[in-house]
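Have a look at the structure below before the remarks.
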Amino acid sequence: VASQKWLTIAPDAAVLLALIEHAPSVAGDTLVVTVQALDAFENVATSEARGVAVVSNSSTVVHVLTLVAGTAQLQVSPTLAGLIRFQLQDINATGLNIVARGTVDISIISGPSIKFVIQQPSPTSVES
């Protein structure tokens, strides 16, 4: 063979910002929420380095993350069991689709009991 030809495969430009589905988490444990910029074929668009915001129904805090190689992660430690809804906000008006996969609900389940409190009943008097 006199010459060789190389084929380079790379992701296309991002068309979508997505929150990645997550298994249930245990209250008190660290939960990692992942945001990815995806191309039309759902490959991670590694050239993306924009800012994105994540909000949840369990806090009034807006978490601003910066995508690095198309991915950003948010670490939170929920303390109560329940359902937490995370949603993306396109703070930079990128025009990327955040509707299709911009919301994810994560169940937070109770962890093992680590403390028991035994209270002595208050004394009562009986009158005759």
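For the pair Leu83/Ile106, no side-chain contact is recorded, criterion being any heavy-atom separation below 4.5 Å from C-beta on. In this structure, Val32 and Leu74 have side chains that are not in contact, with every pair of non-hydrogen atoms separated by 4.5 Å or more. By the 4.5 Å heavy-atom criterion applied to side chains, Gln89 and Val52 are not counted as neighbours.
Listed by chain and residue number, Ser56 satisfy the side-chain hydrogen bond (donor to acceptor under 3.5 Å, both in side chains) test with Ser58 (two or more places apart in sequence, or in another chain). Remark: Glu48 engages Arg50 in a side-chain hydrogen bond (donor to acceptor under 3.5 Å, both in side chains) (not counting sequence neighbours). The side-chain hydrogen bond (donor to acceptor under 3.5 Å, both in side chains) check on Asp29 picks up nothing, with sequence neighbours excluded. Checked against salt bridge (charged side-chain N to carboxylate O under 4.0 Å, His left out), Asp12 has no partners two or more places apart in sequence or in another chain. Residues that satisfy the side-chain contact (heavy atoms from CB on, under 4.5 Å) test with Val99, not counting sequence neighbours, are Asn97.
One distance of note links CG of Asn43 with CD of Gln36; it measures 10.5 Å at 0.5 Å rounding. Interatomic distance, CD of Gln73 versus NE2 of His63, reported as 14.5 Å (0.5 Å rounding). Put simply, CD1 on Ile108 and CG on Leu31 are 5.0 Å apart, with the number rounded to the nearest 0.5 Å. To the nearest 0.5 Å, the span separating CZ on Arg85 from CG on Asn57 amounts to 7.5 Å. Distance check, rounded to the nearest 0.5 Å: CG of Leu16 to CG of Leu96 gives 8.0 Å.
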Worked verdict on Ile84 versus Asp105 for side chain to side chain contact (heavy atoms under 4.5 Å, CB included): CA-CA 6 Å; Ile84 299 179; Asp105 293 328; over 6 Å; no
Trace of the side chain to side chain contact (heavy atoms under 4.5 Å, CB included) decision for Leu38 with Val15: CA-CA 6 Å; Leu38 302 176; Val15 296; 6.0 Å; no
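Residues Thr30 and Gln75 have side chains that never bring a donor and an acceptor to within less than 3.5 angstrom of each other.
For residues 36-45, the set of pairs meeting the salt bridge (Lys or Arg N to Asp or Glu O under 4.0 Å) definition, not counting sequence neighbours, comprises Glu42-Arg101.
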